[in-house]
> 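The following block contains the structure, expressed as C-alpha cells.
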Amino acid sequence: MTTFYDNRRPYDNYDSTTKEWDAIFIGGGASGRFGSSYFRAMGGNQLTIEADNHLGGKCCKNACVLHHYLYEIAVELDKARIWDKKEYWPKFPRKNGKVEILPVLRDYIIGREYVFDFMFHQSKEQLKLQFLLNQRASVLDAHTVTVPGKGEFKTKNIIVAAGAGPSVPPVPGTDLKGVYTYADFLELDYEPKDVVVVGASKSGLPWACFFNAVGCNTTVVEMLPALSQFPIDDDVREYTLRMMKLRGLPVLDETRLVSINGSGSVKSVTVKGKDGVEKMIKADLVYLGTGCTPRSDIVTPIGVKTGPKKEIIVDRHMATNIPGVYASGDITGGVMEMWKARQGGMMAAKNILGSPAEFETELFADTLHTFYETTWVGMTEKEAREKVGQVFVVRMPIQGYKNWLPLPLCEGAMQYAHQWPDLSGFQKIIYDAKTRKFLGAQHVGYGGKDSFQYLLYLLKKGATIDEIANLTELFINPTHFIQLSRLRSGMKNLVDLG
Ligand SMILES: Cc1cc2nc3c(=O)[nH]c(=O)nc-3n(C[C@H](O)[C@H](O)[C@H](O)COP(=O)(O)OP(=O)(O)OC[C@H]3O[C@@H](n4cnc5c(N)ncnc54)[C@H](O)[C@@H]3O)c2cc1C
C-alpha cells in the first residue's frame with residue numbers, strides 16, 4: 001500500500017516563511033479538518049496543527065468508524081446465529097464457543113491506514129491545506145501558538161478544535177488490565193469471555209451487541225432508566241430493549257458501578273441496583289461507554305471560559321469570551337456528533353472571514369446502534385400530545401393486530417420479515433392533526449437512518465402530510481413513511497393508522 005508520509009515521525013506541510021496566519025486550527029479532527037477546508041476554500045491562509053499521526057481525529061481512528069464496524073459485525077453475526085445451518089446459511093463459526101475478536105480488530109487496524117492515507121492525500125493535494133502532524137500545540141496568548149522544536153506561530157485567530165477524550169468514572173479499579181474505553185480498545189490482546197459494558201449509551205451499546213454477538217457472556221450496566229436519555233417514545237424504547245433481551249443481552253438499568261475488582265487484571269465488578277443491594281458480576285473485560293470530556297485545559301490558562309463539564313463556552317458564531325479565539329467540535333460540549341464538529345468548524349471559518357453565520361444546534365436527527373439502528377427526529381408522540389394536543393400517528397406494527405406484521409420490510413430485514421416478522425423493526429411518524437404538519441419520526445430497522453437527514457430538513461421547512469405523501473418514494477424504501485402517509489392523507493380529518 002502507498003503511504004504518503006511516515007506517520008511515526010513529525011510531518012510538516014506548510015510555508016515556514018509565513019509571518020502571520022489568518023487562522024490556526026488546533027486539532028485536525030473532524031472539526032479542525034473541515035473548518036480548515038472551508039477556511040481555505042474561502043481564501044483564508046490557515047495552518048492546522050495535529051498532535052496525532054493522522055488527520056481526521058478520533059472518528060476514523062477508534063470512534064465512529066470502529067463503532068459502525070463493530071455494529072455491522074454484530075448484525076452479521078446475529079443473523080448467522082439466528083439462521084445457523086438453515087437454508088444456505090453455514091454453521092455458525094464458533095471456536096471454543098466464541099467467534100475470535102482479535103482477527104477482527106487486526107483487520108480494522110490494517111484497513112484504517114487506507115482512511116488515514118486518503119485523508120492525508122485529499123487534504124494536501126486537493127484541499128491544499130497546510131498542516132503539521134505528530135506535533136502538539138500550546139496556546140501562549142490569543143495570537144500566539146507554540147510547538148516544541150518549532151517555536152512560535154503568530155496568528156490573527158485561533159480555532160480550538162482539540163476535541164474530547166474518554167471519561168472514566170471515579171470508581172476503584174479503572175486502572176486494572178482489562179478495562180477499556182473506545183480510545184484503547186484496539187489494544188486488546190486476549191479473547192474475553194465475560195464482559196460488562198458500563199453505559200447503555202451510543203458508545204456503549206454497539207460494543208455490548210458486538211460482544212454478545214461474538215459469544216461473550218455480556219451484561220450492560222446503566223445508572224439511568226434504560227434508554228431514557230434519548231428522545232424516543234416508550235414503544236420504540238421497549239422494542240429496542242426487547243430485541244436485545246431476545247438475544248440474551250440484559251441491561252441492568254438504574255444500577256451504578258461501585259468498583260471494578262481484581263488484582264492486576266479485572267475479575268469482577270460490583271454494582272448497586274435500584275433496590276440498593278450490591279452484587280458482583282464476573283468479568284474479564286470491562287468496557288466503559290461513559291462519554292467524553294472536552295480537552296479545554298489547553299486554553300483555560302489564557303482565560304477562555306468553560307462550563308461545568310469542562311466544555312468551552314461559545315456563542316452562535318463559535319466565538320469564545322476571548323476576542324480572536326474560537327472553538328468548535330466536541331470541545332464545546334453538549335451533543336458530540338460529527339455534524340456538529342464539521343459544521344461548527346465551517347461556521348467559525350465563515351465568521352472569521354467576514355461572512356457572519358449563526359450555528360443552530362437545537363434540532364437534529366440522531367441514531368443509536370444496537371442490533372438495529374434506532375433513529376429519531378423531532379417530537380416524540382408523547383411530547384407532541386402534551387404540546388400540540390391533537391396529533392395523528394402512523395405506527396407499524398399495527399396495534400391490536402393478532403398476527404406478526406412484516407414491516408419495516410426492506411433490505412436488511414427481508415428475511416426477518418418472511419421468517420421472523422417480529423424481528424423486522426418498528427416505526428412511527430407523527431403529525432399535527434390540525435395543521436397537518438410533520439412533527440417527528442422514529443424508526444427501528446436497517447437502512448432508514450439516511451432518510452432522517454432529509455426528514456430533518458422537511459421538519460425545519462414545516463412540511464405537511466400532503467407534501468410528504470406527494471414525494472416520490474424509491475420502493476422498497478426502509479422507512480415507508482411516504483407511502484404510509486399517503487394511505488391517510490386523502491382524509492380531511494386525519495385518523496391514526498397503526
Ligand atoms: C465511540 C464513539 C463513537 C462515535 N460514533 C459516532 C457516530 O457514529 N456518528 C457521529 O456523528 N459521531 C460519532 N461520535 C462522535 C464523533 O466522533 C465526534 O463528535 C467527532 O469526532 C468530534 O470531532 P472533533 O474534531 O471535535 O474532535 P476529535 O475527533 O477528538 O479531534 C480532535 C483532535 O485534536 C487533536 N489535539 C488535541 N490536543 C491537541 C493539541 N494540543 N495540539 C494539536 N492537536 C491536538 C487530537 O489529537 C484529535 O485528533 C462517536 C464518538 C465516540 C467516542
Side-chain angles (χ1 to χ4, degrees), residues 10 24-37 47-72 116 119 131-140 145-148 150 153 158-167 180-186 197 199 201-208 210 287-301 311-312 314 318 326-346 348 361 364-369 373 375 449 452-453:
I24 291 183
F25 288 79
I26 299 182
S31 200
R33 195 176 92 95
F34 273 75
S36 300
S37 305
L47 177 66
T48 307
I49 306 175
E50 171 54 58
D52 212 340
N53 66 355
H54 65 98
L55 292 166
K58 66 175 170 288
C59 173
C60 54
K61 181 179 184 174
N62 48 26
C64 327
V65 181
L66 181 57
H67 144 199
H68 286 251
Y69 181 80
L70 300 179
Y71 159 73
E72 188 172 305
F116 289 174
M119 292 231 189
F131 54 85
L132 279 77
L133 294 181
N134 266 329
Q135 298 177 73
R136 186 166 292 278
S138 302
V139 179
L140 207 59
V145 173
T146 62
V147 172
K150 291 258 161 21
F153 292 86
I158 294 175
I159 296 101
V160 193
S167 307
Y180 292 92
T181 66
Y182 75 89
D184 56 4
F185 181 59
L186 291 166
V197 173
S201 58
K202 277 168 62 92
S203 61
L205 287 178
W207 265 259
F210 169 77
Y287 180 83
L288 302 172
T290 41
C292 286
T293 306
R295 297 193 185 97
S296 54
D297 294 348
I298 185 172
V299 281
T300 42
E311 73 281 13
I312 294 182
V314 288
M318 314 312 293
Y326 294 74
S328 67
D330 281 6
I331 204 161
T332 61
V335 55
M336 293 185 186
E337 298 278 354
M338 290 295 281
W339 62 268
K340 195 174 157 207
R342 291 171 174 154
Q343 253 181 290
M346 181 178 118
T361 55
F364 55 94
D366 211 347
T367 305
L368 169 74
H369 286 97
E373 293 166 0
T375 312
K449 191 184 69 171
F452 279 71
Q453 302 167 114

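Order of appearance sets the numbers: ligands from 1, and atoms from 1 within every ligand. For reference, positions follow the sequence shown, starting with 1. No hydrogens, no waters, no symmetry mates; every other heavy atom, side chains included, goes into these values.
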> How close do D366 and E337 get, heavy atom to heavy atom, and via which atoms?
OD1-OE2, 3.2 Å
> Nearest heavy atom to atom 45 (C) of ligand 1 wins, so pick from C59, G57, A30, A51.
A51
> Who's the nearest protein heavy-atom neighbour of atom 20 (C) of ligand 1, and how far?
M338 SD, 3.5 Å
> Counting only N and O atoms by type, is there a donor-acceptor contact under 3.5 Å from the side chain of E311 to the main-chain atoms of G333?
no
> Report yes or no: does E50 contribute a side-chain atom to a donor-acceptor pair with the main-chain N or O of D52 at less than 3.5 Å?
yes
> May I ask you to identify, for A161, whether its side chain, its backbone, both or neither come under 4.0 Å of ligand 1 on a heavy-atom basis?
backbone
> Report the part of A137 (side chain from C-beta onward, or backbone N, CA, C, O) that has a heavy atom under 4.0 Å from ligand 1; answer both or neither where that applies.
both
> Just to be sure I read this right, does ligand 1 sit under 4.0 Å from the backbone of A164, its side chain, both, or neither, counting only heavy atoms?
backbone
> Return the closest protein heavy atom for atom 5 (N) of ligand 1 as residue, atom name and distance.
H67 ND1, 2.9 Å
> What is the nearest protein non-hydrogen atom to atom 25 (O) of ligand 1, stated with its residue, atom name and distance?
S31 N, 2.9 Å
> So does Y182 get a backbone contact from the side chain of Y287, meaning a donor-acceptor N/O pair under 3.5 Å?
yes
> Decide whether an N or O pair under 3.5 Å exists between W207 and ligand 1.
no
> Taking 4.0 angstrom as the limit, do K58 and D330 come out as a salt bridge?
yes
> Check E337 against ligand 1 and report side chain, backbone, both or neither, counting heavy atoms closer than 4.0 Å.
both
> Out of C64, G291, G163, whose heavy atom sits nearest atom 4 (C) of ligand 1?
C64
> Number the atoms of ligand 1 from 1 as they appear, then name those within less than 4.0 Å of a heavy atom of G329, with their elements.
26 (O)
> Does atom CD of E72 have more than 12 heavy-atom neighbours from other groups under 6.0 Å away?
no
> Is ligand 1 under 4.0 Å from a heavy atom in the side chain of R33, in the backbone, in both, or in neither?
neither
> With heavy-atom distances below 4.0 Å as the criterion, list the atoms of ligand 1 near M336.
15 (C), 19 (O)
> For I298, counting its heavy atoms only, list the atoms of ligand 1 lying under 4.0 Å from any of them.
41 (N)
> As an exercise, identify every atom of ligand 1 less than 4.0 angstrom from a heavy atom of E50.
33 (C), 34 (O), 35 (C), 43 (C), 44 (N), 46 (C), 47 (O), 48 (C), 49 (O)
> Below the 3.5 angstrom mark, is there an N/O of Y182, backbone or side chain, next to an N/O of ligand 1?
no
